[in-house]
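Let me begin by presenting the structure, written as structure tokens, before commenting on it.
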Protein chains: 2
Amino acid sequence: MTNRIRTERRREALSKTRIVEAAIELLDRAGEDALTFRALAAHLATGSGAIYWHVADKNDLLAAAADHIIAGVMADAVRGSSPQDVIRTMALGFFDTIHAHPWVGGQLSRSPWQYAVVRMLEGVGRQVQALGVPEHTQFNAATALMSFILGLAGQYAAGARHFPRDADRTETRKAFLGAVAAKWLQLDPAEHPFVRQVAKVLPEHDDREQFLAGIDLILAGIERIR
Amino acid sequence: MTNRIRTERRREALSKTRIVEAAIELLDRAGEDALTFRALAAHLATGSGAIYWHVADKNDLLAAAADHIIAGVMADAVRGSSPQDVIRTMALGFFDTIHAHPWVGGQLSRSPWQYAVVRMLEGVGRQVQALGVPEHTQFNAATALMSFILGLAGQYAAGARHFPRDADRTETRKAFLGAVAAKWLQLDPAEHPFVRQVAKVLPEHDDREQFLAGIDLILAGIERIR
DNA sequence: GACATGATTGGAACAACGTTCCAATCAATA
DNA sequence: TATTGATTGGAACGTTGTTCCAATCATGTC
């Protein structure tokens, strides 16, 4: 009897899925820099060579991890009365996910040709189609939305790189933005009037609202072109 | 007589400026990965320790290099009949610069709090003010433009990472996009209708036009909110 | 004009990383 | 049971950013 079901070797057999899940746990707990093949091997009680049998290289691993997360967001059925509503809801899903896993933002903006990004582009693009945008401008409209999203995704990842601790996330963030604002306020008023004005609202601003405002701006622009 | 002008030690004294210029040359010639302290030290005929006396760390060096480039773009006086025109021209200046030095795009999107980005935000923000946007939405409008720009900047850097050669830049790019499009066309038509449609125009599309279309979309959105 | 002092240099040394290599081990087949 | 190929674990390699330190230079003081 040829049993195709793989019997466990030791505890649980190593597999790409198990490796990716362990990588995600590591990334979520301690941040982007914490994912090393040594740490991962220790976490899985194996060696780095064994991991390399299932995974091509570190980028392959990160891409698989990011795709696993993004696939989860896309699976949530998005409801909305209009294509605009669907895009807004979908975008907020992206935001919440990237806020919860900032390393995903870094990975997406670092290699935008990976499948996770294609997934997102498909979701966004379909709604752009539904919006009634002429075909030859659908490409520009959808990629504009994606570029904006990826741009902010990279920023959140950069922010998280400054404080890998997850303890008082919101508290350290405020302190960090306060420090940035203080530095901006010390700039020459003649040279940097706008930045100095913006510095006043920077520490108190809401990332989520800022993100949605950007999406709405692009949506309003699309509606105008339509 | 206390001469404050530093006399050259050997050929030319090492200085942050000279180091940054050498770094830029290295980055332009051979790409992001080519900038190592060893290569830089060899290029300057010195040791890595000497470089570290003038520069805090690699990020400091990259930030200074990126700022040097961005300062050059911002120095070009931007003329335009309307704030929209100025923003368009300024954005195209960013595009051309980042296209010529893709590593700048990577650096800007990787650490968006550095001074180079503040410079850009000031330039964009001032025109948003001139556009007559109410003060409390100037922040969202200006950062939306910046996020879009940084998002695409990161993408160009990622693209350049695939072919560090500068020989037939445009030829390899076309081949690369062709390969991406071919992969997209093999996706399940039921799952990825939009991406498959976009794949047809992907290899022939013009980056610069796509970039400008995105800017125009956001500008149209801003005008609507104004 | 020697000397002391602090700024500056160059290169060796260190720790950490991604990756490769390979002998050892396991599960399934002959 | 012997053999084969898939899979494992960990040592080893080359490269990186960074640190360290002895040597060197320019300059102000006696």
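In what follows, chains carry the letters A, B, and so on, assigned in the order in which the sequence lines appear, proteins first and then strands, with residues in each chain numbered from 1. Because the structure is predicted, anything quoted here is derived from the model rather than measured.
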Gap between atoms [atom1] and [atom2], on [X] and [N] respectively (whole Å):
| X | N | atom1 | atom2 | answer |
| --- | --- | --- | --- | --- |
| A/Asp33 | C/dA15 | CG | P | 20 Å |
| B/Leu26 | D/dT16 | CG | P | 11 Å |
| A/Leu14 | D/dT7 | CG | C1' | 9 Å |

(message) If the condition is side chain to side chain contact (heavy atoms under 4.5 Å, CB included), which residues does B/Thr89 pass it with, not counting sequence neighbours?
(response)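 Residues passing side chain to side chain contact (heavy atoms under 4.5 Å, CB included) with B/Thr89: B/Val78.
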
(request) Tell me what A/Ala42 touches on the nucleic acid: a base, only sugar-phosphate, or nothing, going by heavy atoms under 4.0 Å. (result)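 Here A/Ala42 touches no strand at all.
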
(message) Base, sugar-phosphate or nothing for B/Ala39? Non-hydrogen atoms, less than 4.0 Å.
(response)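 Here B/Ala39 touches no strand at all.
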
(message) What residues from residues 46-55 of chain A pass a heavy-atom cutoff of under 4.0 Å to DNA chain D?
(response)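 The stretch gives A/Thr46, A/Gly47, A/Ser48, A/Gly49, A/Ala50, A/Trp53, A/His54 as the residues lying under 4.0 Å from the strand, ordered by number.
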
Would you list the atom pairs, donor with acceptor, under 3.5 Å between side chains in residues 183-190 of chain A and any protein atom, with sequence neighbours excluded?
unit_1: A/Asp188; atom_1: OD1; unit_2: A/Ala190; atom_2: N; d: 3.0

Would you mind writing out the side-chain donor-acceptor pairs for residues 113-124 of chain B within the sub-3.5 Å range, not counting sequence neighbours?
unit_1: B/Gln114; atom_1: OE1; unit_2: B/Gln107; atom_2: NE2; d: 3.2
unit_1: B/Gln114; atom_1: NE2; unit_2: B/Gln107; atom_2: O; d: 3.1
unit_1: B/Gln114; atom_1: NE2; unit_2: B/Ser111; atom_2: O; d: 3.1
unit_1: B/Tyr115; atom_1: OH; unit_2: A/His192; atom_2: NE2; d: 2.7
unit_1: B/Arg119; atom_1: NH1; unit_2: B/Asp67; atom_2: OD1; d: 2.5
unit_1: B/Arg119; atom_1: NH1; unit_2: B/Asp67; atom_2: OD2; d: 2.8
unit_1: B/Glu122; atom_1: OE1; unit_2: A/Phe194; atom_2: N; d: 3.3
unit_1: B/Glu122; atom_1: OE1; unit_2: A/Val195; atom_2: N; d: 2.8
unit_1: B/Glu122; atom_1: OE2; unit_2: A/Phe194; atom_2: N; d: 3.1
unit_1: B/Glu122; atom_1: OE2; unit_2: B/Arg126; atom_2: NE; d: 3.0
unit_1: B/Glu122; atom_1: OE2; unit_2: B/Arg126; atom_2: NH2; d: 3.4

(request) Report yes or no: does A/Arg173 contribute a side-chain atom to a donor-acceptor pair with the main-chain N or O of A/Gly159 at less than 3.5 Å? (result)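 No; judged by distance alone, with no hydrogens or angles, the pair does not exist.
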
(request) Provide the full list of ring-ring contact (aromatic ring centres under 6.0 Å, His included) pairs with a residue in residues 43-70 of chain A, sequence neighbours left out, each pair given once. (result)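 Output for this query lists A/Phe37-A/Tyr52.
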
(request) Can you sort out the partners of B/Phe148 under ring pair (Phe, Tyr, Trp, His ring centres under 6.0 Å), two or more places apart, ordered by chain and number? (result)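 Scan of B/Phe148 (ring pair (Phe, Tyr, Trp, His ring centres under 6.0 Å), adjacent residues dropped) gives B/Phe211.
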
